[in-house]
**Student:** 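I'd like to ask some things about the structure below.
Here, residue 1 is the first one in the sequence, and each next residue gets the next number. Keep in mind that what you see is a predicted model, and the values were worked out from it rather than measured.
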Amino acid sequence: MRLPQVSVVLSLAAILVVAGCQPKVQEAVAPPPNDSPEPISQLPGNGTADTSDASKASPTAGAPQAPTSDPSTAPAPTDATSPSSDTAPATPPSTASANGPMSLRFAFDKGAAMTYASDISQEASMPGSKGGSMQSKMATVTDIKVLDVTSGKANIQLTSSKITVSGGDGQVQKAEAEMAKKAEGTVATMTIDPFGKPSNLKYTKGDKGTGKIAGFDFDTGFFSISYPDKKLKPGDTWTHSLDFKDVIGAMMPMTGATWKNSNLTTTFTLQSIQPSAGTATISMSLSGNPSMSMKMPDLGSKSGQKMPTDAPKEMKVSFIVKGSGTATVEIRTGLPKLITFQNTTDIDYGMGKTTQKQSVTVKRTK
């Protein structure tokens with residue numbers, strides 16, 4: 001999922017461009033055979049599941065999980081009433097109760113095909129903009145095929161069939177357009193377990209950097225949605241964390257950058273169950289206060305020109321991230337039908353500050 005990671009990266013890229021440092025999306029390279037996710041796009045983060053609220057799964061993103069756990073290891077249920085294995089299907093709509101308890105799981109059908117459309121709108125005052133605020137939009141279309149399902153784990157193929165960027169201003173627009181152009185057409189495969197934990201991410205076209213823009217390097221499970229290993233009733237919560245520095249680093253290699261408080265935390269709450277519709281509503285909240293510092297390149301020595309004596313030798317950037325949203329998911333399969341999310345990111349980059357407001361919608365269209 002892409003929020004708020006992608007737009008923050010684009011904003012940071014614009015800041016660095018204006019500051020004289022021009023990070024680029026990595027050229028396509030063969031990734032490691034087992035690439036652990038860091039939440040893209042797309043929504044809150046993925047990583048190590050919080051052990052509170054009886055949720056002991058250790059899955060980005062994401063998103064929104066700290067990518068330190070082994071994604072190939074499925075979490076084991078701890079609730080005595082929970083299914084005995086991670087292959088247990090979700091509670092069927094016919095038996096789901098509005099009061100729960102129920103188990104939410106991802107249950108993909110072999111050979112199934114689906115399409116998700118994501119729209120991101122953001123407003124921010126950025127260096128290089130002509131005063132006031134700057135609006136930009138990013139729209140992506142992701143086609144998904146379920147190649148195989150073994151012991152409840154699905155091997156899926158993702159194709160970024162369309163990415164468009166509009167708005168922006170000057171260098172900011174150029175930076176965003178270049179990133180989007182590189183990311184369109186990215187193709188990857190990955191394994192998703194019944195809890196939404198991704199593993200074995202491999203790119204057949206593109207790389208980790210373009211995959212982040214396209215939204216493939218899921219941070220909090222499938223399109224930022226992951227489930228705990230306990231049965232749920234309305235009001236129950238579970239959490240994951242995202243290592244923000246890995247999100248930034250995936251698209252913008254910044255040698256020598258030092259991070260503090262880099263984790264973002266996503267809290268999921270089961271709000272309600274709609275048995276007749278076969279759906280459940282989940283709320284999400286995201287928060288964190290990461291910061292980073294990095295030495296600025298000596299552009300003067302490279303160009304032969306003398307740089308001003310007051311030119312910054314180091315850039316420090318701090319972020320305050322707050323977000324909230326809801327997801328409507330299908331009980332039988334666990335797949336999201338509609339996700340909406342809004343977040344605000346305050347960025348202090350030493351030479352100034354900017355507040356970025358973002359609205360994201362992810363909808364299954366097929």
**Student:** Just to verify, what does Asp148 make a salt bridge (Lys or Arg N to Asp or Glu O under 4.0 Å) with, not counting sequence neighbours?
**Tutor:**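 Scan of Asp148 (salt bridge (Lys or Arg N to Asp or Glu O under 4.0 Å), adjacent residues dropped) gives Lys110.
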**Student:** If we only count heavy atoms from C-beta on, is the Ile273 to Ser97 side-chain gap below 4.5 Å?
**Tutor:**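 Counting from C-beta outward, Ile273 and Ser97 never come under 4.5 Å.
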**Student:** In Å and rounded to the nearest 0.5 Å, what is the OG to CE distance from Ser293 to Met315?
**Tutor:**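 It comes to 11.0 Å.
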**Student:** Hey, does Lys316 have a side-chain heavy atom less than 4.5 Å from the side chain of Tyr349?
**Tutor:**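 SC-SC contact between Tyr349 and Lys316 ruled out.
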**Student:** Say whether Phe341 and Ile320 are linked into one hydrophobic cluster, either directly or through other cluster members, by side-chain heavy-atom distances under 4.5 angstrom.
**Tutor:**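 No; tracing contacts between hydrophobic side chains, which count when under 4.5 Å, never links both residues.
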**Student:** Of all the heavy-atom pairs spanning Ile225 and Ala327, show the shortest one and how long it is.
**Tutor:**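 Heavy atoms of Ile225 and Ala327 come nearest at CD1-CB, 3.8 Å.
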**Student:** State, with a plain yes or no, whether a side-chain heavy atom of Leu335 is found less than 4.5 Å away from one of Phe106.
**Tutor:**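 Yes; the side chains approach each other to less than 4.5 Å.
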**Student:** Between Leu286 and Asn343, is there a side-chain heavy-atom distance shorter than 4.5 Å?
**Tutor:**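 Not in contact.
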**Student:** Mind running side-chain contact (heavy atoms from CB on, under 4.5 Å) on Thr344 and Thr355 for me, showing each step along the way?
**Tutor:** CA-CA 7 Å; Thr344 299; Thr355 296; 3.6 Å; yes
**Student:** Checking Lys357 now: which residues fulfil salt bridge (Lys or Arg N to Asp or Glu O under 4.0 Å) with it, not counting sequence neighbours?
**Tutor:**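 Counting only residues at least two positions away or on another chain, Lys357 forms no salt bridge (Lys or Arg N to Asp or Glu O under 4.0 Å).
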**Student:** Applying side-chain contact (heavy atoms from CB on, under 4.5 Å) to Val146 and Met114, what does each step give before you reach the verdict?
**Tutor:** CA-CA 9 Å; Val146 182; Met114 61 200 78; 4.2 Å; yes
**Student:** Would you please name every residue forming a salt bridge (Lys or Arg N to Asp or Glu O under 4.0 Å) with Asp109, sequence neighbours left out?
**Tutor:**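 Residues passing salt bridge (Lys or Arg N to Asp or Glu O under 4.0 Å) with Asp109: Arg332.
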**Student:** Distance check, rounded to the nearest 0.5 Å: His240 atom NE2 versus Asn263 atom CG?
**Tutor:**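 Nearest 0.5 Å value for the NE2-CG distance: 12.5 Å.
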**Student:** Nearest 0.5 Å please: distance from the CZ atom of Phe268 over to the OG1 atom of Thr237.
**Tutor:**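 One gets 11.0 Å once the value is rounded to the nearest 0.5 Å.
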**Student:** Looking at Gly288 and Leu264, what are the two nearest heavy atoms and their distance?
**Tutor:**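 Scanning both residues, the minimum pair turns out to be CA-CD2, 3.5 Å.
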**Student:** Could you tell me whether the side chain of Lys337 reaches within less than 4.5 Å of the side chain of Thr279, counting heavy atoms only?
**Tutor:**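 Touching, per the 4.5 Å side-chain cut-off.
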**Student:** Would you give the length of the straight line joining atom NZ of Lys162 to atom OG of Ser118, rounded to the nearest 0.5 angstrom?
**Tutor:**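 One gets 13.0 Å once the value is rounded to the nearest 0.5 Å.
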**Student:** Kindly indicate, with the supporting measurements, whether the criterion side-chain contact (heavy atoms from CB on, under 4.5 Å) is fulfilled by Gln157 and Thr204.
**Tutor:** CA-CA 10 Å; Gln157 175 181 283; Thr204 56; 5.8 Å; no
**Student:** State, yes or no, whether a side-chain contact exists between Met294 and Val317 at a heavy-atom distance under 4.5 Å.
**Tutor:**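 They are not in side-chain contact.
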**Student:** State which residues pass salt bridge (Lys or Arg N to Asp or Glu O under 4.0 Å) with Lys233; sequence neighbours excluded, sorted by chain then number.
**Tutor:**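 Salt bridge (Lys or Arg N to Asp or Glu O under 4.0 Å) list for Lys233, sorted by chain: Asp236.
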**Student:** Please assess Gln274 against Ser272 for the test side chain to side chain donor-acceptor pair (under 3.5 Å), listing each intermediate value before the final yes or no.
**Tutor:** CA-CA 7 Å; Gln274 301 84 39; Ser272 60; 2.6 Å; yes
**Student:** When you compare the side chain of Ile282 with that of Tyr227, does any pair of heavy atoms fall below 4.5 Å?
**Tutor:**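 With C-beta onward as the side chain, the pair touches.
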**Student:** Are the side chains of Leu338 and Thr361 in contact, using a 4.5 Å heavy-atom criterion?
**Tutor:**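 Yes, at least one pair of side-chain atoms sits under 4.5 Å.
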**Student:** Please identify each residue that fulfils side-chain contact (heavy atoms from CB on, under 4.5 Å) with Asp119, with sequence neighbours left out.
**Tutor:**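 So Asp119 forms a side-chain contact (heavy atoms from CB on, under 4.5 Å) with Ala139.
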**Student:** For the pair Ser161 (side chain) and Val141 (backbone), establish whether a donor and an acceptor sit closer than 3.5 Å, ignoring hydrogens and angles.
**Tutor:**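 Side chain of Ser161 to backbone of Val141: a pair is present.
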**Student:** Verify, without hydrogens or angle tests, whether Trp238 (side chain) and Ser226 (backbone) share a donor-acceptor contact under 3.5 angstrom.
**Tutor:**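 Side chain of Trp238 to backbone of Ser226, a donor-acceptor pair under 3.5 Å: yes, one is there.
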**Student:** Could you tell me which non-hydrogen atom of Arg364 sits nearest to which non-hydrogen atom of Ala113, and how far apart they are?
**Tutor:**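 Here Arg364 and Ala113 meet closest at NH2-O, 4.2 Å.
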**Student:** To the nearest 0.5 Å, tell me how far Ser318 OG sits from Lys353 NZ.
**Tutor:**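 Nearest 0.5 Å value for the OG-NZ distance: 7.5 Å.
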**Student:** CG of Leu158 to OG1 of Thr142: how many Å apart, nearest 0.5 Å?
**Tutor:**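 OG1 of Thr142 is found 7.0 Å from CG of Leu158.
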**Student:** At their closest point, which heavy atom of Ile331 faces which heavy atom of Ala96, and how far apart are they?
**Tutor:**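 Nearest heavy atoms, Ile331 then Ala96: CD1-CB, 4.1 Å.
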**Student:** Identify every side-chain donor-acceptor pair in residues 183-192 under 3.5 Å, counting partners at least two apart or on other chains, and give the distances.
**Tutor:**
| from | atom 1 | to | atom 2 | distance (Å) |
| --- | --- | --- | --- | --- |
| Glu184 | OE1 | Ile163 | N | 2.8 |
| Thr186 | OG1 | Ala183 | O | 2.6 |
| Thr186 | OG1 | Thr210 | OG1 | 3.1 |
| Thr191 | OG1 | Asn200 | ND2 | 3.4 |

**Student:** Any side-chain to backbone donor/acceptor pair from Tyr116 onto Ile144? Under 3.5 Å, distance only.
**Tutor:**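 Looks like no, no N/O pair under 3.5 Å.
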**Student:** Less than 3.5 Å apart, any donor N or O on the side chain of Asp243 or Ser262 sitting next to an acceptor on the other?
**Tutor:**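 Distance-only check passes for Asp243 and Ser262.
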**Student:** Which heavy atom in Phe319 sits nearest to a heavy atom in Asn289, and how many Å separate them?
**Tutor:**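 Closest heavy-atom pair between Phe319 and Asn289: O-OD1, 2.6 Å.
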**Student:** Return the minimal non-hydrogen interatomic distance between Ala180 and Ile213, and the atom names on each side.
**Tutor:**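 Where Ala180 meets Ile213 most closely, the heavy atoms are CA-CG2, 4.4 Å.
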